[in-house]
Amino acid sequence: MTARGFIQDKLEIKFLILYLAARVIEPVPFDTVWDLTLCDDAIDYFDFSECLRDLVDTGHLTLSEDGLYAITEKGLRNSKICESSLAYSVRLRCDKNLEAWNRKLRRKNQVKASYAPRPNGTYTVKLDLEDDMGELLHLRLMAPREDMAKAMADRFQKSPERLYSAILGLLLQDEEPS
């Protein structure tokens, strides 16, 4: 390991991984743990991989069958004890990266769009939008073709607030006199 950053040995890499795992809002894959760990220039991929495996072997992290890492109670306890061993600047960079990543995870959990074929050859498009308080929108639409269903789901994923605002606008506008 080279000494270009604040992290100087494998024990500090483990502290860093635990620090991150304790603050990410849901289990994450290997690549995400690696990306979050890159807040210090001195971390080597092979040392990181070994440390991550060691943390699973020692019961500080779990690795699910679908390849997601999560912190255990033992890992949380040790993370709290060891976090002050990390350089303050490293923790600040980690917190900034974690904030962005957690925002992305929340968004993924709050905006869901999918489509499925119906027996008659059309497609059902399912669009769901939630916030911290609960469900905002639960919409099911019929699409005559798969490409249309996919386009509807993709557009909703990109800008669910726009659809929600448009629906509210239509429902709340004054009726025109007949």
Side-chain angles (χ1 to χ4, degrees), residues 16-41 43 45 48-49 52-53 55-56 60-73 75-76 79 90-178:
L16 178 60
I17 293 170
L18 289 175
Y19 182 85
L20 294 164
R23 286 161 179 76
V24 71
I25 62 172
E26 67 181 43
V28 292
F30 179 92
D31 293 344
T32 300
V33 182
W34 170 240
D35 287 345
L36 289 170
T37 306
L38 290 176
C39 63
D40 189 78
D41 296 333
I43 298 175
Y45 177 83
F48 163 79
S49 298
L52 188 62
R53 186 178 55 252
L55 288 169
V56 171
H60 290 85
L61 298 176
T62 60
L63 175 59
S64 68
E65 287 184 19
D66 49 346
L68 300 178
Y69 291 88
I71 196 159
T72 64
E73 286 299 318
L76 280 172
S79 174
V90 171
R91 287 184 302 197
L92 284 177
R93 278 184 261 155
C94 286
D95 291 343
K96 182 180 175 189
N97 293 343
L98 281 163
E99 183 181 333
W101 184 254
N102 283 336
R103 189 173 37 253
K104 193 181 341 180
L105 288 175
R106 266 188 231 95
R107 173 92 173 166
K108 180 188 77 160
N109 291 330
Q110 291 174 339
V111 178
K112 295 184 175 130
S114 62
Y115 61 93
R118 293 178 169 184
N120 66 0
T122 62
Y123 291 82
T124 298
V125 181
K126 301 175 184 178
L127 309 174
D128 294 296
L129 178 62
E130 296 180 3
D131 68 3
D132 295 335
M133 302 296 288
E135 187 176 89
L136 294 174
L137 177 72
H138 178 77
L139 184 61
R140 301 294 177 257
L141 300 167
M142 187 279 299
R145 299 187 325 249
E146 183 177 13
D147 63 324
M148 293 171 78
K150 181 179 179 348
M152 292 164 67
D154 290 346
R155 286 191 186 117
F156 180 75
Q157 285 277 29
K158 289 178 186 168
S159 185
E161 296 86 1
R162 197 169 84 197
L163 174 66
Y164 181 72
S165 294
I167 290 171
L168 283 181
L170 288 170
L171 293 173
L172 295 174
Q173 76 183 15
D174 291 331
E175 288 187 40
E176 295 180 21
S178 20

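No experiment lies behind these values; they were computed from the predicted model shown.
Here Asn102 contributes atom CG and Ile25 contributes atom CD1; the two are 4.5 Å apart, rounded to the nearest 0.5 Å. With values rounded to the nearest 0.5 angstrom, Leu16 atom CG is found 5.0 Å from Thr37 atom OG1. Atom NZ of residue Lys112 and atom CD of residue Glu130 lie 5.5 Å apart, to the nearest 0.5 angstrom. Taking CG from Asp128 and CD from Gln110, the interatomic distance works out to 12.0 Å, rounded to the nearest 0.5 Å. Rounded to the nearest 0.5 Å, atoms CG (Leu92) and CG (Asn97) are 11.0 Å apart. Atom CG in Leu141 sits 11.5 Å away from atom OG1 in Thr122 (nearest 0.5 Å).
Heavy-atom minimum distance, Gln157 versus Pro160: O-CD, 3.8 Å. The minimum heavy-atom distance linking Ala153 with Ser114 is given by the pair CB-N, 4.3 Å. Leu61 approaches Ala21 most closely through the heavy-atom pair CD2-CB, 3.7 Å. The minimum heavy-atom distance linking Leu136 with Tyr164 is given by the pair O-CE1, 3.6 Å. The shortest non-hydrogen separation linking Pro27 to Leu68 is CB-CB, 3.8 Å.
Note on Asp154 versus Lys150: salt bridge recorded, some NZ/NE/NH1/NH2 to OD/OE distance being below 4.0 Å. Using a 4.0 Å cut-off between a side-chain N of Lys or Arg and a carboxylate O of Asp or Glu, Glu161 and Arg107 qualify as a salt bridge.
Of the N and O atoms on the side chains of Arg118 and Thr124, at least one donor lies less than 3.5 Å from an acceptor on the other residue.
Under a cutoff of 6.0 Å and an axis angle of 45°, Arg23 and Tyr19 form a cation-pi pair.
Side chain of Ser79 to main chain of Ala22: no donor-acceptor pair is present (N/O by atom type, distance under 3.5 Å, no hydrogens or angles).
Contact check for Arg145 versus Met148: side-chain heavy atoms found under the 4.5 Å cut-off. Between Leu98 and Leu20 there is a side-chain heavy-atom pair separated by less than 4.5 Å. With a 4.5 Å cut-off on side-chain heavy atoms, Leu55 and Leu18 count as touching. In this structure, the side chains of Glu146 and Tyr115 come closer than 4.5 Å at one or more pairs of heavy atoms.
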Exercise. Test side chain to side chain contact (heavy atoms under 4.5 Å, CB included) on Leu171 and Ile167 and set out the steps.
Key: CA-CA 6 Å; Leu171 293 173; Ile167 290 171; 3.7 Å; yes

Practice problem: Could you check Trp101 against Asp35 for side chain to side chain contact (heavy atoms under 4.5 Å, CB included), going step by step and ending with a plain yes or no? | Solution: CA-CA 10 Å; Trp101 184 254; Asp35 287 345; over 6 Å; no

Quiz item: Can you list the steps and then say if Arg106 with Asp131 is a salt bridge (Lys or Arg N to Asp or Glu O under 4.0 Å)?
Solution: CA-CA 9 Å; Arg106 266 188 231 95; Asp131 68 3; over 6 Å; no

Exercise. Test Ser64 against Tyr69 for side chain to side chain contact (heavy atoms under 4.5 Å, CB included), laying out the working first.
Key: CA-CA 7 Å; Ser64 68; Tyr69 291 88; over 6 Å; no

Quiz item: Passes side chain to side chain contact (heavy atoms under 4.5 Å, CB included), Leu137 versus Leu163? Steps please.
Solution: CA-CA 10 Å; Leu137 177 72; Leu163 174 66; 4.3 Å; yes

Self-check item: Pair Lys108-Glu26, salt bridge (Lys or Arg N to Asp or Glu O under 4.0 Å): steps then yes or no
Solution: CA-CA 12 Å; Lys108 180 188 77 160; Glu26 67 181 43; 3.2 Å; yes

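The aromatic rings of Trp34 and Phe48 sit tilted relative to each other, their planes meeting at an angle between 30° and 60°.
For Glu73, the CD atom counts as loosely surrounded, since its 6.0 Å shell holds 12 or fewer non-hydrogen atoms of other residues, nucleotides or ligands.
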